[in-house]
2 protein chains.
Amino acid sequence: MMELKQVILGFLEWKPLTGYELKSLFSTLDFLPWSGNNNQIYTSLIELERVGLVEKRTIQQEKLPAQKRYHTTEAGRTRLKEALLQPSEAPAIRNDFLLRLAWAQCLSASEIEGIIDEYRLRVEAELSICQERTRRGQAAQYRSKREAYVWGMLQRNREMVLETELNWLAQLRSGLAKGKKEGKQ
Amino acid sequence: MMELKQVILGFLEWKPLTGYELKSLFSTLDFLPWSGNNNQIYTSLIELERVGLVEKRTIQQEKLPAQKRYHTTEAGRTRLKEALLQPSEAPAIRNDFLLRLAWAQCLSASEIEGIIDEYRLRVEAELSICQERTRRGQAAQYRSKREAYVWGMLQRNREMVLETELNWLAQLRSGLAKGKKEGKQ
DNA sequence: TTAACCATGTAAAAAGTTACATGATTGT
DNA sequence: ACAATCATGTAACTTTTTACATGGTTAA
């Protein structure tokens, strides 16, 4: 299991960052399953430094609080590579809509139509946000063509998952409509 | 956010179950994002009973420990329906492979090919398990045709997600192979 | 003047996992 | 003899979220 700290190590290998900058990365990148709240980021950085996987430069600023800019150490790079070569599990999905649909028996046909439609709109909105980010993502700083391609594919992964969800929803709707015509029970 | 307790409420509305039976459901159904360990199940049941959403019948057995079979109350049914009508978020995905791929810059081309292939096999294996469960799932006890259809679609959702992952992986592989031919950097 | 951004951290609570604890039955 | 199934529960730990705490800058 890839841990939060290992992901932070990856970012710091990409370029030195402050806790604040990491936080904003966690809130803008879809493939990161963590919220990136203060407690996660700042305590992780302190711990990573304590065990010698990262180091920091403190930069005094005139008017703003001092920045602590972290970068990886040799030990950090070694640890990161180890983590990257571990086997990955199949994707784990948390889908609240499926949990609700499972008990659709408790709902009327029109209530089911209602929650399907509400969910479809939600997924479509999410897909739009995702596509918008893909467009803007072109501006990011990549170290190579391969890295740029890979990050494009990370974004594409999320888009494909959401598109699949919409296709599945369309199937669900037509299947339910068909069953309704053919008679209930 | 659909909670574990609400899902338990859903199962007990379907039919009265013991903690042990709930546990085995949690470990066999793919769309449930919880492990269904003892602590989750038994403390949830005790809490649900305490607040009056479920009740139990204790059944003495000759040779085995007593079963506590839980069923929903009227308040439980009301609470469940409330939860079902709440809006659902877009699916949240935890994909460790994406987290590793993000830092592929740290790996050689052949190491990347290695982790892609390992992951592909993992996803294919998961898809097989999933398809096998779909076949067996036909035997389950459903309260209506609609319920049988919906549960089939729950299973189909997971299959489609895994198929999409395999398609995406194929794209990734060919894209990386193409980039390699065109020259590095 | 109000919101967003910059910038750091800590405390408390909730959610989730692993391990501990007990013990009989049934099939290989 | 060993593993799997049946059946319940608790303790300790890890992970994650939410809220608290501080305080200056910048743009609408």
Side-chain angles (χ1 to χ4, degrees), chain A residues 1-9 11-12 16-29 31-51 54-70 83 89 92-94 96 99, chain B residues 1-9 11-12 16-29 31-51 54-70 83 89 92-94 96 99:
Chain A
M1 189 79 109
M2 194 79 175
E3 283 172 32
L4 172 66
K5 280 178 197 161
Q6 294 167 346
V7 174
I8 290 179
L9 219 46
F11 277 114
L12 300 182
L17 294 164
T18 67
Y20 188 81
E21 286 165 343
L22 275 168
K23 241 188 91 166
S24 76
L25 285 168
F26 274 83
S27 66
T28 50
L29 295 170
F31 68 94
L32 299 173
W34 298 278
S35 72
N37 61 70
N38 287 2
N39 206 339
Q40 275 183 324
I41 303 293
Y42 290 107
T43 56
S44 293
L45 286 171
I46 290 165
E47 178 63 16
L48 283 169
E49 191 184 26
R50 194 185 68 77
V51 297
V54 305
E55 284 171 358
K56 69 165 180 281
R57 285 200 323 271
T58 303
I59 300 154
Q60 297 301 328
Q61 298 180 111
E62 281 167 49
K63 297 178 176 176
L64 289 169
Q67 274 185 350
K68 296 183 180 175
R69 193 163 288 274
Y70 291 85
E89 285 300 303
I93 294 164
R94 163 106 203 210
D96 281 5
L99 299 175
Chain B
M1 188 80 111
M2 194 78 176
E3 282 172 33
L4 172 67
K5 279 177 199 163
Q6 294 166 346
V7 174
I8 290 178
L9 219 45
F11 277 114
L12 301 182
L17 294 165
T18 66
Y20 188 82
E21 286 165 344
L22 276 167
K23 243 190 90 167
S24 77
L25 285 168
F26 274 83
S27 66
T28 49
L29 295 170
F31 69 95
L32 300 173
W34 298 278
S35 72
N37 61 71
N38 287 2
N39 207 339
Q40 276 183 323
I41 303 293
Y42 290 106
T43 57
S44 294
L45 286 172
I46 290 164
E47 178 63 15
L48 282 169
E49 191 184 27
R50 194 185 67 77
V51 298
V54 305
E55 284 170 359
K56 68 166 180 281
R57 283 201 324 271
T58 304
I59 299 155
Q60 296 303 328
Q61 298 180 112
E62 281 167 51
K63 298 179 177 176
L64 290 168
Q67 275 185 350
K68 295 183 179 174
R69 193 163 287 274
Y70 291 84
E89 285 299 304
I93 293 163
R94 161 106 204 210
D96 281 5
L99 299 175

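Letters go in sequence order (proteins before strands), and every chain restarts at 1.
- In this structure, the side chain to side chain donor-acceptor pair (under 3.5 Å) partners of B/Ser35, at least two apart in sequence or on a different chain, are B/Asn37.
- The side chain of B/Lys68 has D/dG9 as its nearest neighbour among C/dT10, D/dG9, D/dT16.
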| query | Which letters describe nucleotides 19-28 of chain C, given B = protein heavy atom under 4.0 Å from base, S = only from sugar-phosphate, - = neither? | reply | ------S---
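- With sequence neighbours left out, B/Tyr20 forms a side chain to side chain contact (heavy atoms under 4.5 Å, CB included) with B/Thr18, B/Tyr42.
- The residue B/Gln40 sits close to a base: some heavy atom pair falls under 4.0 Å.
- The nearest whole Å value for the distance from the CZ atom in A/Arg50 to the P atom in C/dG9 is 16 Å.
- Listed by residue number, the members of residues 16-29 of chain A with any heavy atom below 4.0 angstrom from DNA chain D form an empty set.
- Under the salt bridge (charged side-chain N to carboxylate O under 4.0 Å, His left out) criterion, B/Lys5 pairs with no residue at all, not counting sequence neighbours.
- The shortest distance between the side-chain N/O atoms of B/Ser35 and the OP1/OP2 oxygens of C/dG16 is not below 4.0 Å.
- Residue-to-nucleotide proximity on DNA chain D shows that, of A/Gly36 and B/Gln61, the 5′-proximal contact is made by B/Gln61.
- Between A/Tyr42 atom OH and C/dT10 atom P the separation is 11 Å, expressed in whole Å.
- Here the P atom of nucleotide C/dC5 and the CD atom of A/Gln67 are 17 Å apart, to the nearest Å.
- Atom CD of A/Glu47 is separated from atom P of D/dT16 by 15 Å (rounded to the nearest Å).
- Atom CD of B/Gln60 and atom C1' of D/dT8 are 12 Å apart (whole Å).
- A salt bridge does not link A/Glu89 with B/Arg94: every distance from a Lys NZ or Arg NE/NH1/NH2 to an Asp or Glu carboxylate oxygen is 4.0 Å or more.
- Every residue two or more places apart in sequence or in another chain was checked for a salt bridge (charged side-chain N to carboxylate O under 4.0 Å, His left out) with A/Lys23, and none qualifies.
- Across the protein-nucleic acid pair, B/Gln6 atom CD and C/dA15 atom P stand 10 Å apart, rounded to whole Å.
- Residues satisfying the side chain to side chain contact (heavy atoms under 4.5 Å, CB included) criterion with A/Pro65, sequence neighbours excluded, are absent altogether.
- Remark: A/Arg94 is not in phosphate contact with C/dA15, judged by side-chain N or O atoms under 4.0 Å from OP1 or OP2.
- Atom P of nucleotide D/dT8 and atom CD1 of B/Ile41 are separated by 11 Å, given to the nearest angstrom.
- In this structure, A/Ile46 atom CD1 and C/dT8 atom P are separated by 11 Å, rounded to whole Å.
- The side chain of A/Tyr70 has C/dG9 as its nearest neighbour among D/dT16, C/dG9, D/dA7.
- Among residues two or more places apart in sequence or in another chain, the salt bridge (charged side-chain N to carboxylate O under 4.0 Å, His left out) test is passed with B/Glu55 by none.
- In this structure, B/Trp34 does not reach the C/dA15 phosphate: none of its side-chain N or O atoms is under 4.0 Å from OP1 or OP2.
- Looking at heavy atoms from C-beta onward, A/Trp34 lies out of side-chain contact with A/Ile8 at the 4.5 angstrom threshold.
- Side-chain atoms of B/Tyr70 and B/Leu17, non-hydrogen and from C-beta on, never get closer than 4.5 Å to each other.
- Remark: A/Ile46 engages no residue in a side chain to side chain contact (heavy atoms under 4.5 Å, CB included) (not counting sequence neighbours).
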